[in-house]
A.B. asks: 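Please find one structure pasted underneath; my questions will follow.
All heavy atoms count here, side chains included; hydrogens, waters and symmetry mates do not. Just so it is clear, the structure is predicted and the values come from calculations on it, not from any experiment.
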Amino acid sequence: MIRILFFVLLVLCLALGFAWLADRPGELSLIWQGQLIEMSLMRAASILISLFAAVLIVVWLLRTIWLSPHTVTRYFRSRKRDRGYQALSTGLIAAGAGDANLARKMAARTRNLISSDQEPLIHLLEAQTALIEGKYDDARKKFEAMADDPETRELGLRGLYLEAKRLGANEAARQYAERASEKAPHLPWATLATLDHRSQARQWDEAIRLLDQSRAAHVLEKNEADRKKAVLLTARAMERLDADPKSARDDAQAALKLDDRLVPAALVAAKALFREENLRKGASILERMWKLDPHPDIARLYVRARGGDSALDRLKRAKKLESLRSNNAVALATVAAAALDARELALARTKAEAAARLEPRESIFLLLADIEEADTGDEGRIRHWMAQALKSPRDPAWTADGVTSPVWLPVSPVSGRLDAFEWKAPPSQIAAATEDGHLNPDQAIRSLPPVATVPRPVEEPAPERTAEAAPTAERDQTERERAERERAGPEKAISVPDRKEPAASPATGKDAEEAPDPFFGRPPDDPGVREPAAAERTTTNFRLF
């Protein structure tokens with residue numbers, strides 16, 4: 001484009017010059033070797049410019065002839081190089097597609113067309129071809145050669161790192177990653193690999209230092225770097241909690257400034273403050289985290305923050321959590337568990353059933369089974385809640401790489417990856433009885449069987465009773481009902497006012513002698529008494545459980 005503009009400007013200048021000469025005509029006289037030469041000024045300028053152009057053309061022609069061998073050689077060399085790059089491109093594509101035969105063929109052709117000193121990608125093609133063919137030793141040698149070349153050092157170190165990881169040589173992989181991070185601190189894979197290795201070795205200080213260097217080099221994004229540093233600070237705080245609660249508190253609070261939703265950091269900070277007898281500040285941290293993310297671990301630590309509290313005190317703290325985050329399954333389950341400990345069974349049952357309706361989980365139905373055992377002791381109802389627990393989804397847990405842990409861990413025990421644990425429901429292989437893919441808690445609560453009672457034995461036809469025996473039989477029936485309520489449990493016993501016995505008419509003569517004693521007498525329908533006329537028939541008194 002610049003050349004075109006320059007040529008246009010040159011032509012424009014010549015045109016302007018000729019126009020200027022045309023407006024100013026004149027004669028030019030020249031005496032050369034005794035001869036007088038006369039011509040117009042326009043003609044003289046045209047001859048001069050033509051001679052200058054002819055000289056330039058002659059010079060260009062002579063230069064072209066002189067450099068023609070080199071030009072021809074360069075042409076064929078360029079053509080050969082283009083063919084070599086075409087073969088290299090085809091070989092890399094074939095290696096990426098897994099075509100070992102074509103990749104090997106293209107690698108050999110590239111070797112013949114291009115020198116490896118001029119193009120380092122030939123080493124990469126040969127290494128990838130060796131990997132596809134299963135020649136891992138040859139591939140490792142190629143990567144080592146690339147690692148020694150400053151131009152391909154990072155590429156060779158990454159290949160060696162991946163090979164070491166494939167073979168399970170973690171120490172070699174760590175060395176390659178650290179070497180790459182030292183030579184090229186801008187490489188994210190090297191920084192993250194070194195960070196994972198130092199985290200596995202529990203070298204929290206060195207890991208935090210490396211992360212700060214990567215933040216300064218803008219290797220990681222700000223959000224990702226803040227999250228990883230918060231995890232590292234939390235891990236260091238957990239390690240220092242027993243020996244140095246103050247340092248643990250500072251690290252945990254610094255982690256919360258970087259990530260205010262990191263539940264383990266809030267737990268460590270609260271525990272450190274509780275050990276320093278600063279219950280109010282520790283509780284405020286838990287309350288703030290509870291508003292953001294109602295977590296069972298937060299509820300458990302908040303309710304039992306003070307070891308000397310009674311069950312009623314723990315229930316009050318659980319109710320406070322529910323007031324902070326109402327209509328939440330975790331809050332309702334926390335109140336139900338605290339009410340069960342405080343023996344407020346009606347409240348416990350109400351809250352647990354509400355939690356089951358909001359979020360039917362295994363632990364909630366198990367809690368209902370515990371409440372049922374403490375309330376009625378009915379085995380049938382307990383089995384009902386246990387069956388619902390088996391069919392319900394599993395509770396969330398700290399899960400990483402397919403394994404669960406009862407507590408949060410900064411590093412995965414399987415892959416060694418930093419910040420791998422997540423709070424989620426682990427996979428379950430038990431298919432639940434569902435409706436549209438979800439458990440129906442209302443149906444589970446409505447299908448709760450009634451409390452089992454002791455069945456009465458088959459009653460035999462009783463003889464006619466006199467008017468004087470009727471009040472005694474009614475009183476004994478009332479006493480028998482009270483005894484059955486007492487056997488059902490103290491919680492289920494309902495106080496019923498004694499019924500007033502009607503006044504019996506005085507008995508006289510033979511009827512008074514046959515009337516049973518009002519205290520020791522039994523009605524003829526009592527299962528423990530046989531009638532003389534039906535002594536051969538017996539009844540059996542049994543219980544269901």
A.B. asks: Hey, does the side chain of Arg314 reach the backbone of Ala338 with a donor-acceptor pair shorter than 3.5 angstrom?
C.D. replies: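 Here the side-chain-to-backbone pair does not exist.
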A.B. asks: Give the intermediate values and the outcome of side-chain contact (heavy atoms from CB on, under 4.5 Å) for residues Leu315 and Asp341.
C.D. replies: CA-CA 8 Å; Leu315 179 58; Asp341 294 338; over 6 Å; no
A.B. asks: Thinking salt bridges, do Arg304 and Asp309 make one under a 4.0 Å N-O criterion?
C.D. replies: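 Between Asp309 and Arg304 there is no salt bridge, as every charged N stays at least 4.0 Å from the carboxylate O atoms.
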A.B. asks: Counting only heavy atoms not in Asp205, do more than 12 sit closer than 6.0 Å to its CG atom?
C.D. replies: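 More than 12 heavy atoms, drawn from other residues, nucleotides or ligands, come within 6.0 Å of this atom.
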A.B. asks: Nearest 0.5 Å please: distance from the CG atom of Leu232 over to the CG atom of Leu211.
C.D. replies: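 Taking CG in Leu232 and CG in Leu211, the distance rounds to 6.0 Å.
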A.B. asks: I want to check something: taking the side chain as every heavy atom from C-beta on, are Leu157 and Arg153 in contact at a cut-off of under 4.5 Å?
C.D. replies: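 With C-beta onward as the side chain, the pair touches.
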A.B. asks: So do Ser392 and Glu362 actually touch side chain to side chain, heavy atoms under 4.5 Å?
C.D. replies: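 They are in side-chain contact.
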A.B. asks: Closest heavy-atom contact between Ala329 and Leu358?
C.D. replies: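 Closest pair (atom of Ala329, atom of Leu358, distance): N-CD1, 4.0 Å.
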A.B. asks: Using modelled atom types and a 3.5 Å cut-off, is there a donor and acceptor pairing between side-chain atoms of Gln200 and backbone atoms of Gly416?
C.D. replies: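 Side chain of Gln200 to backbone of Gly416: a pair is present.
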A.B. asks: Is there a side-chain contact between Leu131 and Glu163 (heavy atoms, below 4.5 Å)?
C.D. replies: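 Counting from C-beta outward, Leu131 and Glu163 do come under 4.5 Å.
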A.B. asks: Do Leu267 and Trp408 have side-chain heavy atoms sitting under 4.5 Å apart?
C.D. replies: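 With C-beta onward as the side chain, the pair stays apart.
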A.B. asks: Can you give me the closest heavy-atom contact between Ala305 and Leu279, atom names plus distance?
C.D. replies: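 For Ala305 versus Leu279, the nearest heavy atoms are O-CD2, 4.2 Å.
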A.B. asks: Spell out, as yes or no, whether a donor-acceptor pair under 3.5 Å connects the side chain of Asp395 to the backbone of Ser363.
C.D. replies: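 Confirmed, Asp395 side chain pairs with Ser363 backbone.
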A.B. asks: Any Lys/Arg nitrogen of Lys271 or Asp242 sitting under 4.0 Å from an Asp/Glu carboxylate oxygen of the other?
C.D. replies: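 Salt bridge: no.
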A.B. asks: Any salt bridge linking Asp251 with Arg240? Criterion: basic side-chain nitrogen under 4.0 Å from a carboxylate oxygen.
C.D. replies: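 Salt bridge present between Asp251 and Arg240.
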A.B. asks: Report the residues that fulfil ring-ring contact (aromatic ring centres under 6.0 Å, His included) with His295, sequence neighbours left out, ordered by chain and then residue number.
C.D. replies: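 Per chain and number, His295 pairs via ring-ring contact (aromatic ring centres under 6.0 Å, His included) with Trp398, Trp423.
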A.B. asks: Does Arg317 make a cation-pi contact with Tyr302, if we ask for NZ or CZ under 6.0 Å from the ring centre and within 45° of the axis?
C.D. replies: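 Output yes; distance and angle both within limits.
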A.B. asks: Mind listing the closest non-hydrogen atom pair of Leu210 and Thr191 along with its distance?
C.D. replies: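 That closest heavy-atom pairing would be CD2-O, 3.9 Å.
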A.B. asks: Which distance, rounded to the nearest 0.5 Å, do you find between the CG of Asp244 and the CZ of Arg236?
C.D. replies: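 Between atom CG of Asp244 and atom CZ of Arg236 there are 11.0 Å.
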A.B. asks: Return the CG to CG distance between Leu162 and Leu167, rounded to the nearest 0.5 Å.
C.D. replies: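 Answer rounded to 0.5 Å: 11.0 Å.
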A.B. asks: Do Asp259 and Arg227 sit within salt-bridge range, that is, some charged N less than 4.0 Å from a carboxylate O?
C.D. replies: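 Salt bridge between Asp259 and Arg227, a charged N being under 4.0 Å from a carboxylate O: yes.
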A.B. asks: Can you see which heavy atom on Ala336 is nearest to which on Leu367, and at what distance?
C.D. replies: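 What the structure gives for the nearest pair is CB-CD2, 3.6 Å.
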A.B. asks: Taking C-beta and beyond as the side chain, do Trp290 and Val263 meet within less than 4.5 Å on heavy atoms?
C.D. replies: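 Not in contact.
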A.B. asks: Do you know the tightest heavy-atom contact between Trp204 and Ser199?
C.D. replies: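 Of all heavy-atom pairs spanning Trp204 and Ser199, the closest is CH2-O, 3.6 Å.
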A.B. asks: Are a donor atom and an acceptor atom from the side chains of Asp313 and Ser310 found within less than 3.5 Å of each other?
C.D. replies: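 There is such a pair between these side chains.
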A.B. asks: Does the side chain of Glu359 come within less than 4.5 Å of Leu332's, by heavy atoms?
C.D. replies: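 No, too far: nothing below the 4.5 Å cut-off.
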A.B. asks: Is the number of heavy atoms from other residues, nucleotides or ligands within 6.0 Å of CD (Glu206) greater than 12?
C.D. replies: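 Atom CD in Glu206 is crowded, with more than 12 foreign heavy atoms closer than 6.0 Å.
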A.B. asks: Strictly below 4.0 Å, N to O, side chains only: are Asp212 and Lys229 in salt-bridge contact?
C.D. replies: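 Looking at Lys229 together with Asp212, the answer is yes, because their closest N to O distance falls below 4.0 Å.
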A.B. asks: Between Gln388 and Leu368, is a side-chain contact (heavy atoms from CB on, under 4.5 Å) present by the stated rule, with each step listed?
C.D. replies: CA-CA 10 Å; Gln388 298 301 324; Leu368 280 168; over 6 Å; no
A.B. asks: Quick one: are Trp385 and Ile364 in side-chain contact, heavy atoms under 4.5 Å?
C.D. replies: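 They are not in contact (no side-chain heavy atoms under 4.5 Å apart), so the answer is no.
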A.B. asks: Flag this pair as yes if the NZ/CZ of Arg166 is under 6.0 angstrom from the six-membered ring centre of Tyr136 and inside a 45 degree cone about the axis; otherwise no.
C.D. replies: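 Yes.
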A.B. asks: Does Arg357 have any side chain to side chain donor-acceptor pair (under 3.5 Å) partners at least two apart in sequence or in another chain, and if so, which?
C.D. replies: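 Applying side chain to side chain donor-acceptor pair (under 3.5 Å) to Arg357 gives Asp442.
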A.B. asks: Counting only pairs under 3.5 Å, give me each side-chain donor-acceptor contact of residues 318-325, with atom names and distances, residues two or more places apart or in other chains.
C.D. replies:
| residue | atom | partner | partner atom | Å |
| --- | --- | --- | --- | --- |
| Lys320 | NZ | Glu287 | OE2 | 3.2 |
| Glu322 | OE2 | Lys351 | NZ | 2.9 |
| Ser323 | OG | Lys320 | O | 2.5 |
| Arg325 | NH1 | Lys291 | O | 2.8 |

A.B. asks: Run the salt-bridge test on Arg249 and Glu276 with the 4.0 Å N-O cut-off and return the result as yes or no.
C.D. replies: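 Between Glu276 and Arg249 there is a salt bridge, with a charged N closer than 4.0 Å to a carboxylate O.
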A.B. asks: Kindly indicate, with the supporting measurements, whether the criterion side-chain contact (heavy atoms from CB on, under 4.5 Å) is fulfilled by Met289 and Leu256.
C.D. replies: CA-CA 10 Å; Met289 180 60 66; Leu256 287 176; 3.9 Å; yes
A.B. asks: Can you tell me how far the CG atom of Leu292 sits from the CZ atom of Arg261, to the nearest 0.5 Å?
C.D. replies: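 Going from CG on Leu292 over to CZ on Arg261, the span is 5.0 Å.
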A.B. asks: Does Glu239 have any salt bridge (Lys or Arg N to Asp or Glu O under 4.0 Å) partners at least two apart in sequence or in another chain, and if so, which?
C.D. replies: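 Arg202.
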A.B. asks: Check step by step if side-chain contact (heavy atoms from CB on, under 4.5 Å) holds for Leu286 and Phe274.
C.D. replies: CA-CA 11 Å; Leu286 293 179; Phe274 290 160; 4.0 Å; yes
A.B. asks: Who pairs with Tyr161 by ring-ring contact (aromatic ring centres under 6.0 Å, His included), at least two apart in sequence or on another chain?
C.D. replies: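 Per chain and number, Tyr161 pairs via ring-ring contact (aromatic ring centres under 6.0 Å, His included) with Trp189.
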A.B. asks: How far does NE2 of His186 sit from CD of Glu154, to the nearest 0.5 angstrom?
C.D. replies: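 Between His186 NE2 and Glu154 CD, I get 5.5 Å after rounding to 0.5 Å.
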A.B. asks: Please check if the number of heavy atoms outside Arg306 that lie under 6.0 Å from its CZ is greater than 12.
C.D. replies: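 At most 12 heavy atoms, drawn from other residues, nucleotides or ligands, come within 6.0 Å of this atom.
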A.B. asks: When you check the gap from the basic side-chain N to the acidic O, do Arg288 and Asp260 get nearer than 4.0 Å?
C.D. replies: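 Result for this pair is no, no salt bridge flagged.
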A.B. asks: What's the separation between atom CG in Leu390 and atom CG in Leu366, rounded to the nearest 0.5 Å?
C.D. replies: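 CG of Leu366 is found 8.0 Å from CG of Leu390.
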A.B. asks: Taking side chain to side chain donor-acceptor pair (under 3.5 Å) as the definition, give me every residue that meets it alongside Arg349, ordered by chain and number, with sequence neighbours left out.
C.D. replies: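 Checked Arg349 against side chain to side chain donor-acceptor pair (under 3.5 Å); matches are Glu372, Asp375.
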A.B. asks: Minimum heavy-atom separation for Val268 to Ala237, with atom names?
C.D. replies: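 That would be CG1-CB, 3.7 Å.
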A.B. asks: So Glu422 and Thr399, do their side chains get closer than 4.5 Å, heavy atoms only?
C.D. replies: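 Counting from C-beta outward, Thr399 and Glu422 never come under 4.5 Å.
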